[in-house]
Amino acid sequence: MTLLAIKDLSRHFSSGGRDVTALNEVSLTLSAGETLGLVGASGSGKSTLARILMRLIPADKGTIRFEDEDWLALSGAELRRRRAKMQMVFQDVLGAFNPRATVASVLDDPLRIHGIAPKAGRPKEIAALLDRVGLPAGYTTRSIREVSGGQRQRIAIARAIATRPSLIVLDEAVSALDVSIRGKILELLVELQEERGIAYLFVSHDLAVLRAVSHRIAVMDAGRLVESGTARQVIETPRSPAARALIAAVPRLVTGMPEK
Ligand SMILES: Nc1ncnc2c1ncn2[C@@H]1O[C@H](COP(=O)(O)OP(=O)(O)OP(=O)(O)O)[C@@H](O)[C@H]1O
Ligand SMILES: [Mg+2]
């Protein structure tokens with residue numbers, strides 16, 4: 001089932017007398033429960049796509065269908081309600097949270113706002129979320145600033161799954177983590193997908209990360225989507241110069257390609 005269909009999405013920016021076409025007629029689809037890896041050099045437009053999808057910035061033109069609705073036409077209370085179904089995990093989680101917030105309040109917010117659990121039931125729900133992402137229940141009283149980068153990313157994932165989304169957009173969500181911690185977080189994400197059928201739009205400049213989690217990979221270059229295929233196709237037989245350049249930059253990427 002097609003969960004998400006992006007068609008001819010474009011966006012330009014003008015700043016300091018410079019005009020940048022950040023997105024140039026990008027089209028892609030994502031099925032329920034699928035991971036699409038979105039890769040491209042710095043400045044190729046990946047975050048712009050993610051931000052338009054999350055309705056953080058508008059598009060110049062193009063359409064987005066999500067769960068059979070005209071996603072860009074939603075506004076007000078209806079958009080707030082539907083947002084539960086599309087969540088995001090950023091690289092800079094500290095920047096996204098109030099640094100003085102406690103872990104409990106970070107997880108309480110989505111439960112309250114989206115009416116997932118009544119007030120009396122929320123502590124239990126928060127404990128279950130923490131448990132699911134591998135953190136002890138005692139973490140509820142800690143401030144978000146006190147926990148490690150990997151733990152913070154687990155909390156961001158807990159917050160993202162709290163509203164039972166069908167899609168999570170991850171923008172460089174593991175890029176700042178040490179390799180060993182990164183592997184554990186990727187394992188958690190794959191488990192959650194198998195358990196709950198969540199689709200991921202997994203934005204990363206790192207093809208080794210995308211190889212580990214993606215069913216399909218799409219390649220961006222200067223605002224355009226230049227190639228897409230199964231993870232294996234794109235990594236083993238890349239067609240575009242952009243994909244070839246990204247692959248050449250990662251030694252030993254092609255050997256040991258897992259079956260997906
Ligand atoms: N708010 C903005 N104002 C002006 N230009 C912007 C703005 N946001 C993005 N751009 C420009 O749009 C282009 C695409 O940027 P974007 O952040 O989407 O790239 P990216 O693929 O996410 O890069 P990175 O891998 O470095 O995160 C870049 O040229 C960037 O400078
Ligand atoms: Mg980016």
Side-chain angles (χ1 to χ4, degrees), residues 4 6-30 35-64 66 71-72 86-97 149 152-153 156-157 160 167-179 182 185-186 189 199-214 216-229 231 234-235 238 240-250 253:
L4 175 76
I6 295 177
K7 200 160 186 312
D8 297 333
L9 206 64
S10 294
R11 167 77 201 208
H12 84 283
F13 293 104
S14 311
S15 64
R18 214 171 56 104
D19 205 53
V20 180
T21 304
L23 280 187
N24 196 343
E25 301 195 335
V26 168
S27 300
L28 59 84
T29 62
L30 187 55
T35 300
L36 177 66
L38 190 63
V39 71
S42 183
S44 57
K46 307 180 297 295
S47 295
T48 302
L49 180 73
R51 287 162 67 211
I52 293 172
L53 197 49
M54 294 307 299
R55 300 288 311 266
L56 299 172
I57 58 169
D60 293 339
K61 67 179 199 64
T63 58
I64 298 177
F66 174 61
W71 183 245
L72 297 182
M86 192 193 294
Q87 293 288 310
M88 184 158 186
V89 178
F90 298 89
Q91 173 170 1
D92 176 20
V93 168
L94 203 52
F97 295 152
R152 209 174 284 139
Q153 226 52 5
I157 292 166
L167 172 63
I168 301 180
V169 179
L170 300 117
D171 192 351
E172 305 285 2
V174 299
S175 305
L177 303 176
D178 291 347
V179 174
R182 180 184 299 168
I185 300 278
L186 294 177
L189 288 168
Y200 296 134
L201 180 65
F202 206 113
V203 175
S204 179
H205 65 279
D206 186 341
L207 264 172
V209 164
L210 291 186
R211 186 187 71 160
V213 296
S214 305
R216 287 186 301 130
I217 291 178
V219 183
M220 297 209 37
D221 182 30
R224 285 183 188 277
L225 206 148
V226 293
E227 175 163 357
S228 69
V234 172
I235 289 173
S240 62
R244 289 203 192 105
L246 289 164
I247 287 159
V250 190
L253 184 67

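Just so you know, ligand 1 is whichever comes first in the structure, and atom 1 is the first atom listed for that ligand. In this text, all values refer to a predicted model and were calculated from it rather than measured experimentally.
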Review point. Between Ser44 and Asp221, do the side chains contain an N or O donor and an N or O acceptor separated by less than 3.5 Å?
Key: no
May I ask you to identify the nearest protein heavy atom to [atom], giving residue, atom name and distance to one decimal place in Å?
atom	answer
atom 27 (O) of ligand 1	Ser47 OG, 3.9 Å
atom 2 (C) of ligand 1	Phe13 CD2, 3.5 Å
atom 28 (C) of ligand 1	Gly43 O, 3.8 Å
atom 31 (O) of ligand 1	Arg18 NH2, 4.1 Å
atom 26 (O) of ligand 1	Ser42 OG, 2.5 Å
atom 29 (O) of ligand 1	Val20 CG1, 3.4 Å
atom 12 (O) of ligand 1	Ala22 CB, 3.3 Å
atom 21 (O) of ligand 1	Lys46 NZ, 2.8 Å

**Study point:** Per-atom contacts, ligand 1 versus Ala41 - under 4.0 Å to a heavy atom
**Key:**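 It comes down to these atoms of ligand 1: 21 (O).
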Point to revise | Residue Arg51 vicinity, atoms of ligand 1 by number, heavy atom under 4.0 Å | key: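 Numbered from 1, ligand 1 contributes 8 (N).
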Review point. Counting only heavy atoms, which portion of Thr48 has something under 4.0 Å from ligand 1: side chain, backbone, both, or neither?
Key: both
Revision key, fill the gap. Contact region, Ser14 to ligand 1, non-hydrogen atoms below 4.0 Å, reads neither
Practice item. Please work out which of Ser204, Gly45, Gly40 has its closest non-hydrogen atom nearest to atom 19 (O) of ligand 1. Key: Gly45
**Study point:** Option among Lys7, Arg11, Arg224, Met220 that satisfies the side-chain contact (heavy atoms from CB on, under 4.5 Å) test with Val26
**Key:**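 Among Lys7, Arg11, Arg224, Met220, the one meeting side-chain contact (heavy atoms from CB on, under 4.5 Å) with Val26 is Met220.
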Exercise for review: With rounding to the nearest 0.5 Å, note down the distance linking CG in Leu36 to OG in Ser214.
Suggested key: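 Here the rounded value is 7.0 Å.
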Check your understanding: Within less than 2.8 Å of the Mg ion (ligand 2), any N, O or S from Ser42?
Key ->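 Checking Ser42: none of its N, O or S atoms is under 2.8 Å.
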Exercise for review: Using non-hydrogen atoms of the residue, decide whether Ala50 is closer than 4.0 angstrom to ligand 1.
Suggested key: no
